[in-house]
Structure formats: C-alpha cells, structure tokens
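Working notes, beginning with the structure itself.
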2 protein chains.
Amino acid sequence: MARTQGSHSDITGPRIRKAALKLFAQHGYAAVSMRQIAGEVGVQAGALYNYTPDKQSLLFGLMHAHMDELLSARAALPPVDGPLEELKQFVGFHIRFHLERPDEVFIAYMELRNLTPENFAMIEALRRTYEDDLEGILREGVAQGVFAVPDTKIATLAVIAMLNGVNTWYRSGGRLSLDEVETIYWDMVRKAVAR
Amino acid sequence: MARTQGSHSDITGPRIRKAALKLFAQHGYAAVSMRQIAGEVGVQAGALYNYTPDKQSLLFGLMHAHMDELLSARAALPPVDGPLEELKQFVGFHIRFHLERPDEVFIAYMELRNLTPENFAMIEALRRTYEDDLEGILREGVAQGVFAVPDTKIATLAVIAMLNGVNTWYRSGGRLSLDEVETIYWDMVRKAVAR
DNA sequence: GTTCTATTTGAACATATGTTCATATAACGT
DNA sequence: ACGTTATATGAACATATGTTCAAATAGAAC
C-alpha cells in the first residue's frame, strides 16, 4: 500500500497537530514518540514528516500558534475605560481564554525547557509581550492612584500565576460556573492591588 | 575493574539522588537517561541499581522526601496567635522553604504525570494535607470575620499558586532581598483575603 | 592475614527511538 | 483517459533506552 483513500493534507495536518497536542499535554514532549502520534492519527510514523521537519518543530509550532492566538485575541478586545475596568477585562479574558485551551496552556508552560534555545527565545518574547501588557495596566493604575502595589513587575507575575492556577482545578460541569470563577478571582485580584 | 577505591553507599547514594534531582529538574524525567545520571556521578549505569530498584522509584523517592520535609518543617513552626498572624507565617514559610529548594519544587509540580498511579496518589495526598492546612487558616479567619473570601478552597489554591510563582523569577542576589519579596507578597495576600 | 561483605564494572539483552527513502497508490488538472 | 503531483507505506538505519548479572575488587571484621 502507499497513498491511502481519502488522504488529504488539509485533513491529516490538523489531525497530527491535534494528536501531538493531546499526547504532549498528557505525557510530556520527551515521553511521547513519533510513532505514538502517528498511531493516534492512524498513520505510519514516516507520514508525519510530510508535515513537520522534525519533532522539535512540531512542539514549537504548537506553542507558537498558541501564543499568537493569545496575543491576537487579547488585541481584539474592545477598549474599556480606566485601569480598573482594564484589569477586570484582563482577568476575565485570561481565565476564559486559558480555560478554553487547557492542553495548549499546559504545554506552553511545561515544555519550555524542551525547546531549542532559539525557539525558547521566540516563545519567551511573546509571553513577555503579554505580561508587559498587564504590567502597563497596573502601572497606569498606580500612576492614577487607583492601585497600590509595591512593585508592578512582581504584581504582574503574581496575578498571572494566581490566574493560571485556575487551570489546575477547574472542571466544566463542576461546583462553580465560569461566571462564578471569574467573579471570585476578580474579587481577589481587585483587592490585592487596591489602595 | 570492579569496586572502586573510596566507594561507599553513604557517599554514592546521596550523590545519585542529587544528580537525579538536578537533571530531572533541568531536562525533565523522561528526557534524562540512567546513563546520564550515572555519568554525572562518575559511575556506570548498573551501579545505580544498588540504590534504586528502578528509575520510577528514584523520581518518587525525591518527590516523597520533598513533601515529607515540607510537612515536617511546617509542623515545626512555632504557634502564633490568630488567623492573620498564622497566614502571615504561612506566606513567609512557604516562600522561604520553596525558594531554598527550587529543583525539588520544580520536580514536585512538573513530574506528577510521570508517576505511576499509586505513587501519584501518595504524593497528591501529601500535597492535599498541606493545602488543607492553609485552608484551615482561611476558614478560621472567615469565621472570626477577619477575612472575607467567597470560597476558601479556591482562595487556598489561588494563594498557593501566587506564592509558587516566586520560584519562576526570583534569583538570589537580584534586585530584591528575600525579606522584600516576603513583604511584597504578604501585602498582596493580606489584601486579597481582607474584608 | 584471611574471610566475609559491600560496591562497582562492563558486557549483554531486548526493545524503542527519530529520521530517511525508495516505492506505490490516490487525487487532480487537462 | 492520461500524465502529474500529493500523500502514504513499510522497511531500514544508527543509536539510545532501562535493566540484569556474573565477575572483580575494595573495605570491614576478626
């Protein structure tokens, strides 16, 4: 056998990325073999190399796509008025965006060390852009006197770390609705940076 | 050659655990081979099996020892008066304990998925004990009316996530001293749970 | 100094790894 | 219908993996 019936790069390509995403998130990049990914797709390992030059690029592609989506989704938010409203919007956006993509988020935070140095630098720069965005809000709020944080850089990282924590426990259909989670976290974030 | 000069289990054992800890933290459990660990110690791979039945037990042993230390160090803290003081003590303890053991902490949070189900359950139970400790403080504070959080369980996880974030950026000798870090985080935590 | 035990070597085993490539078949354009 | 291109197979390659074990030497006990 060779080319199979119904085979098409528009179909196989996404399926490979999807399978890789799922398996990387589940077992970790290093613990997943190309043959496992191929098996999940229902294809031989060799076929993967029509879609990625190597395993590393497969990982990098997933992480890069995720960060791109994050930044463009954030950029597409409607403008709101004042640091307090901006922070509230950020909290809601962050929680929802990340809860919708648990596997991508997991990989983006856990597999950084498995990137080559060049690839790591690119992903890190994108993440930094996102963080700077939040820090800008906090700084503006401090300047206007509506926030009081001893150090905006640290507060930025603290808020993001706190929000990322949601992904470790939230399960849709659980005790709390998304709206409730958003409210609870907004309450804590708001108070943490309040004057 | 066979047994080497100066070889002693009291020396080799700790060196193996230390090497495994460092390498697991650096590259991840799955990405590190027994030969790499042996190489770091200056020994052949076969020698490792005098100290661990297998690779999995090596990982589990490191995580288990870490959690044990965490819980006993926490239990050894002097008693303080009232939820506010208890929370402050917890924040300071958590930050310092974790900053002193970056590799152990990293592994304990990143390699959970590489544990067998039984081992995972044991580590998870220990972590749960620690979390429950903090939740007890928050609940007591809410009962006494000194804290106001919508949900003590979530607040617990949020606080711990926030505090864990310190390990991702703090470098000793950097811009901030340990005391300053402690003060900054205590300020944010205190306000986040305040009424 | 001899016996006993602790510790390490080094080779071996079976299997798994990422990647390449000649070959074959399906889909597409004319 | 036919030639071209796209997509897959399946075998092969060199190397790496976790683990075992007989043999060898060092340290400890007497």
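In what follows, every chain begins at residue 1, and chains take the letters A, B, ... in the order their sequences are listed.
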(message) Please list, in numerical order, the residues of residues 53-60 of chain A that have a heavy atom closer than 4.0 Å to any atom of DNA chain C.
(response)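 The answer is A/Asp54, A/Lys55.
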
Output the rounded distance in Å from [atom1] ([X]) to [atom2] ([N]).
X: B/Ile37; N: C/dT8; atom1: CD1; atom2: C1'; answer: 17 Å
X: B/Arg3; N: D/dG27; atom1: CZ; atom2: C1'; answer: 5 Å
X: A/Gln44; N: C/dT23; atom1: CD; atom2: P; answer: 19 Å
X: A/Arg35; N: D/dA12; atom1: CZ; atom2: C1'; answer: 11 Å
X: A/Asn114; N: C/dG18; atom1: CG; atom2: P; answer: 12 Å
X: B/Met34; N: C/dG10; atom1: CE; atom2: C1'; answer: 16 Å
X: A/Leu48; N: C/dC21; atom1: CG; atom2: P; answer: 16 Å
X: B/Gln36; N: D/dA16; atom1: CD; atom2: C1'; answer: 10 Å

Closest to side chain of [X], choosing from [options]:
X: B/Tyr49; options: D/dT17, D/dT20, D/dA8; result: D/dT20
X: A/Thr12; options: D/dA8, C/dG18, C/dA12; result: D/dA8
X: B/Ser33; options: C/dT9, D/dT17, D/dT7; result: D/dT17

(request) Look at the side-chain N and O atoms of A/Thr4 and state whether any lies under 4.0 Å from the OP1 or OP2 oxygen of C/dA26. (result)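 A/Thr4 to C/dA26 OP1/OP2: no side-chain N or O under 4.0 Å.
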
(request) Establish, with yes or no, whether the OP1 or OP2 oxygen of D/dA8 is under 4.0 angstrom from a side-chain nitrogen or oxygen of A/His8. (result)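 For D/dA8, OP1/OP2 do not have a side-chain N/O of A/His8 under 4.0 Å.
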
Please check if any side-chain donor atom of [X] sits under 3.5 Å from a side-chain acceptor atom of [Y], or the reverse.
X: B/Thr152; Y: B/Glu135; value: yes
X: B/Glu40; Y: B/Gln36; value: no
X: A/His94; Y: A/Tyr130; value: yes
X: B/Thr129; Y: B/Asp132; value: no
X: A/Gln144; Y: A/Glu140; value: yes

(message) Pick the closest DNA chain D nucleotide for B/Gln5 and for A/Tyr51 by heavy atoms, then say which residue is nearer the 5' end.
(response)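 Going by which nucleotide is closer to the 5' end, it is A/Tyr51.
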
(message) Nearest heavy atom decides the nucleotide; on that basis, is B/Ser7 or A/Asn50 closer to the 5' end of DNA chain D?
(response)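 The 5'-side residue here is A/Asn50.
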
(request) Could you check whether B/Val32 gets within reach of a base, just the sugar-phosphate, or nothing at all, counting any heavy atom under 4.0 Å? (result)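 The residue B/Val32 makes sugar-phosphate contact but no base contact.
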
(request) Using a strict cut-off of less than 4.0 Å between a Lys/Arg side-chain nitrogen and an Asp/Glu carboxylate oxygen, indicate whether A/Glu180 and A/Arg175 qualify as a salt bridge. (result)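 No, this pair does not count.
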
(request) Compute both the distance and the angle, then confirm whether B/Arg127 meets the cation-pi test with B/Tyr109: under 6.0 Å from the six-membered ring centre, within 45 degrees of the axis. (result)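 The answer is yes, since B/Arg127 meets both limits relative to B/Tyr109.
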
